[in-house]
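What follows is a short report on a single structure.
Heavy-atom basis, side chains included; hydrogens, waters and symmetry copies ignored. Position 1 is the first residue of the sequence, and the numbers go up from there.
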Amino acid sequence: MLLQLSLLALVLLCPVWADNFYQDATVTFGDQRAQIQDGGRLLALSLDKISGSGFQSKNEYLFGRFDMQLKLVPGNSAGTVTTFYLSSQGAGHDEIDFEFLGNSSGQPYTVHTNVYSQGKGNKEQQFRLWFDPTSSFHTYSIVWNSQRIIFLVDNIPIRVFNNHEALGVAFPKNQAMRVYASLWNADDWATQGGRVKTDWSMAPFTASYRNFNTNACIWSAATSTSSCGGSKTESVNNDQTWQTQQLNANGRNRLRWVQQKYMIYNYCADANRFSQGFSPECKRSRF
């Protein structure tokens, strides 16, 4: 029987932070625009007109819970995109996305979520946040197991993507993924569909990351095995609550609250874009 976790339990199960970017991450682009600070406890990414910046986890993972605290670009952040996501590589890659789309000063950020499997995405849901994500750090989490993916903000679920392989819907469960983060310019599409451009007089733009924590199965490409035991979808350790995590009534109520008040786009409701019909999982329960 699947373990059901209340919102209270989710809070009580908050992980102990790993708190060392020197140990856990590698800067991938941006040169000095990406800076590890405060003894490895903070990583600041910046963007100017020449380049953005980014980093990735040193480990690959096959299922887990991934937490990151972010403080987003303040003020007029139009055109900027700050990311925290999981991804494998290649044309047939899997990916689980948090993308934070900046906006003009005083306007709320758009939180863009998406799920790719075998190179195919088109499963976007977007939200506004119910707080100012630039004034302090907030925790953004991805729970990924073989049954579902849960997106959480400060331990409040905002989206659940269930495994509907039985309906012919691909689900990311066979490719190990790294954690990635980046800050880059996307003013061709990110802010109000590209109508609002980046104001480079505000540069450099800076977003801060801290408390990067993974409670996950580390994948070894050399041995094709997982630290949780077994290989591929057999990477299961029943001592880890995230491996069977789902929402109970409390969690479902919080999810409804977020989706009713703060969701601004749902691919399962965009009949103009999907005129040939919605993906089969859209007809099933969101939980």
Side-chain angles (χ1 to χ4, degrees), residues 1-5 60-66 83-99 111-127 141-152 157-180 189 216-217 219 221 224-226 228 230-238 240 242-248 251-252 255-256 258-260 263-287:
M1 184 175 183
L2 294 177
L3 179 64
Q4 294 186 328
L5 297 176
E60 289 185 287
Y61 304 94
L62 190 64
F63 306 130
R65 175 172 175 143
F66 307 86
T83 70
F84 163 51
Y85 64 103
L86 306 176
S87 184
S88 59
Q89 297 297 305
H93 76 291
D94 293 344
E95 186 170 319
I96 304 169
D97 290 337
F98 264 121
E99 294 184 304
V111 179
H112 177 97
T113 66
N114 202 357
V115 176
Y116 286 77
S117 185
Q118 300 172 25
K120 296 181 180 179
N122 297 326
K123 301 185 184 303
E124 302 92 343
Q125 289 184 354
Q126 295 183 342
F127 308 84
S141 306
I142 296 169
V143 174
W144 170 40
N145 59 43
S146 61
Q147 297 88 43
R148 65 190 54 83
I149 297 162
I150 307 173
F151 296 81
L152 304 108
I158 66 169
R159 178 179 185 179
V160 177
F161 184 81
N162 288 305
N163 183 340
H164 285 302
E165 289 178 305
L167 301 177
V169 179
F171 185 84
K173 70 174 191 179
N174 295 315
Q175 298 188 66
M177 296 194 270
R178 294 186 191 274
V179 178
Y180 292 87
W189 65 270
C217 299
W219 178 255
S224 296
T225 58
S226 161
C228 295
S231 60
K232 296 298 182 184
T233 55
E234 297 175 355
S235 299
V236 174
N237 179 339
N238 291 325
Q240 303 298 328
W242 55 261
Q243 293 192 318
T244 53
Q245 186 170 330
Q246 62 177 339
L247 303 185
N248 72 351
R252 291 193 294 271
L255 181 64
R256 289 190 189 97
V258 171
Q259 296 199 341
Q260 289 172 4
M263 179 183 280
I264 59 172
Y265 179 81
N266 182 4
Y267 75 105
C268 284
D270 192 341
N272 290 328
R273 181 182 175 193
F274 299 103
S275 58
Q276 301 303 311
F278 296 119
S279 185
E281 78 274 6
C282 292
K283 300 178 182 179
R284 294 297 183 96
S285 167
R286 70 186 66 177
F287 311 121

Under 3.5 Å donor-acceptor, Asn114 side chain and Lys123 backbone: yes

Contacts of type ring-ring contact (aromatic ring centres under 6.0 Å, His included), residue Phe171, not counting sequence neighbours: none

If you take all heavy atoms of Leu152 and Pro157, which pair is closest and at what distance? CD2-N, 4.0 Å

Can you list the steps and then say if Ile142 with Tyr85 is a side chain to side chain contact (heavy atoms under 4.5 Å, CB included)? CA-CA 8 Å; Ile142 296 169; Tyr85 64 103; 5.6 Å; no

Please give me the minimum heavy-atom distance between Tyr180 and Arg178, naming the atom from each residue. CD1-O, 3.4 Å

Measure up the Phe66 and Tyr61 rings against each other and bin them: parallel (under 30°), tilted (30 to 60°), perpendicular (over 60°). perpendicular

Spatial distance of atom OG (Ser88) from atom OH (Tyr116) [nearest 0.5 Å]: 12.0 Å

ring-ring contact (aromatic ring centres under 6.0 Å, His included) filter on Phe127, not counting sequence neighbours, yields none

Shortest non-hydrogen contact between Leu167 and Arg284, atoms and distance: CD2-NH2, 3.3 Å

Who passes side chain to side chain donor-acceptor pair (under 3.5 Å) against Gln126, sequence neighbours left out? His112

Spatial distance of atom CD (Gln245) from atom CZ (Arg65) [nearest 0.5 Å]: 6.0 Å

Qualifying residues under ring-ring contact (aromatic ring centres under 6.0 Å, His included), relative to Phe84, sequence neighbours excluded: none

In Å and rounded to the nearest 0.5 Å, what is the CG to CG distance from Leu62 to Leu86? 11.0 Å

Please list, chain by chain and in numerical order, all residues satisfying salt bridge (charged side-chain N to carboxylate O under 4.0 Å, His left out) with Glu95, sequence neighbours excluded. none

Reported SG-to-CD distance for the pair Cys268 and Glu124, which is rounded to 0.5 angstrom: 10.5 Å

Once rounded to the nearest 0.5 Å, what's the spacing between atom NZ of Lys120 and atom NE2 of His93? 13.0 Å

After noting the C-alpha distance and the side-chain angles of Trp144 and Phe63, does the key distance pass the ring pair (Phe, Tyr, Trp, His ring centres under 6.0 Å) rule? CA-CA 5 Å; Trp144 170 40; Phe63 306 130; 5.0 Å; yes

Tyr267: ring-ring contact (aromatic ring centres under 6.0 Å, His included) partners, not counting sequence neighbours: none

Point-to-point distance, once rounded to the nearest 0.5 Å, from CD of Gln259 to CD of Gln125: 5.5 Å

